[in-house]
Colleague: 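Attaching a single structure in structure tokens format; questions to follow.
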Amino acid sequence: MVAKKIPMSREELESLTERFPTPFHIYDEKGIRENARRLQAAFAWNPGFKEYYAVKAAPNPYLLKILKSEGFGSDCSSFGELLLSDEVGITGENIIFTSNDTPAYEYQKAKDLGAIINLDDISHIQYLEDHVGLPELVCCRYNPGALKAGNAIIGHPEEAKYGFTREQLFEGYRILRDKGIKRFGLHTMVASNELEITYFLETAHMLFELVGELSAELGIEFEFVNLGGGIGIPYKPEEEAVDLEALGEGVRKLYEEQIIGKGIKSLDIRLECGRMITGPYGYLVGRVLHKKNTYKQYVGLDASMANLMRPGMYGAYHHVTVAGKEDATCDFVCDVTGSLCENNDKFAIDRAIPQVDIGDLVVIHDAGAHGHSMGFNYNAKLRSAELLLREDGSVVQIRRGETIEDHFATLDLAGLESFHA
Ligand SMILES: *Cc1c(COP(=O)(O)O)cnc(C)c1O
């Protein structure tokens, strides 16, 4: 069981709304830091361990600065994410650029920053060489195909667009070696929102074995293996968080057998998690605007799927609580909705929550990853502000909410005058 509690009282949230109107996302710095330290400690046995935070999960430079101060790097997959990392001083090999279908200018930016380039396809070796030149260190992304079972969000590896096949991996490193590359990494990312430790241990086992095979066959040495991201979070209160200490220990045992035991040169273990780093420490806060009773009961918020699309997009569960009613019985079954003209704009369906009143503050939990960042402007809805609850209890705005002027900024309204329809 996981307690689903925002670390603020109803009174504190109410007074916050005087400065920052709802809806907003708010992140808990203390929670993020404590969790980051736990992850670091779990892998402290590996001197070169590094977590590269997947920037797409919450691309806010203030959050990146906090994570940088905890020793994290960043995992980027686009030009904009590279710029954000650079902005907070995450540079060089503290960035891994794991992209796909990549344009040359993005590779160029990654190379200029000295980022580790993680290739998604064998054809990109030539593409990179032709457009940008090969960097000193190259990593390749492995897609094990049918050798590994997938999971619900990422799908089966053989259906996934990412990565090299096993044969291409051997061929790819051979080509790189023959082109004079001397520094290598190996990467895979085959899970998303996975709560089973065994899944990650199998992945580590697979990659350690592969490092042995590739090194033996090609006579090359690897500097690191990147086990990818995908560590899940308990979105439902009855789920259990991944035991990070057990995960670190499990990977250590495999490392000792497969790497040390086989006399392979020591490797740095890398992760690129997003969700488990910030997800549980972010909350979407909205207010009840309307209650509606037709064939079902509806509670309508001032937030919508434009602020958090996971429920509408994948039917994802997000826990819902009502500020000040944390201990009330959940005996009101309703759909919690937003205002988009799309019937999947529902944060929860047939969910039992406490009896709510118009004006109550509703908290949508675990919105700290793939939350605000997946926001969009359908129905001319505006993306919300992002706030940070600091360790001393103060709250700072780390991104203002969009205004209607922002929304219209790409339109030439003045030009309309001389446009004759
Ligand atoms: C999305 C993604 C991640 C982060 O995944 P989480 O589920 O947020 O941990 C890491 N690496 C790559 C390549 C990704 O696409």
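For ligands, and for the atoms within them, numbers begin at 1 and follow the listed sequence.
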Colleague: Any salt bridge linking R287 with E14? Criterion: basic side-chain nitrogen under 4.0 Å from a carboxylate oxygen.
Modeller: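 Salt bridge present between R287 and E14.
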Colleague: Report the C-alpha distance between D302 and T22 in whole Å, list the side-chain angles of each, state the deciding distance to 0.1 Å, and finish with yes or no for side chain to side chain donor-acceptor pair (under 3.5 Å).
Modeller: CA-CA 7 Å; D302 58 2; T22 55; 2.5 Å; yes
Colleague: Going by the rule ring pair (Phe, Tyr, Trp, His ring centres under 6.0 Å), which residues pair with H318 if we only count those two or more places apart in sequence or in a different chain?
Modeller: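 Counting only residues at least two positions away or on another chain, H318 forms a ring pair (Phe, Tyr, Trp, His ring centres under 6.0 Å) with Y235.
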Colleague: Should R400 and D406 count as an ion pair when the cut-off is N to O under 4.0 Å?
Modeller: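 A salt bridge is present here (some side-chain N lies under 4.0 Å from a carboxylate O).
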Colleague: Closer than 4.0 angstrom, basic N to acidic O: yes or no for E171 and R174?
Modeller: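 Yes, this pair counts.
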Colleague: For a ring-ring contact (aromatic ring centres under 6.0 Å, His included) check, start with the C-alpha distance between Y107 and H131, then their side-chain angles and the critical distance, and finish with the verdict.
Modeller: CA-CA 8 Å; Y107 275 138; H131 292 85; 8.9 Å; no
Colleague: Heavy-atom contacts with ligand 1 below 4.0 Å: which residues, ordered by chain and residue number?
Modeller: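 Lining ligand 1: A54, K56, D75, T98, R141, M189, S192, G229, G230, E272, C273, G274, R275, H370.
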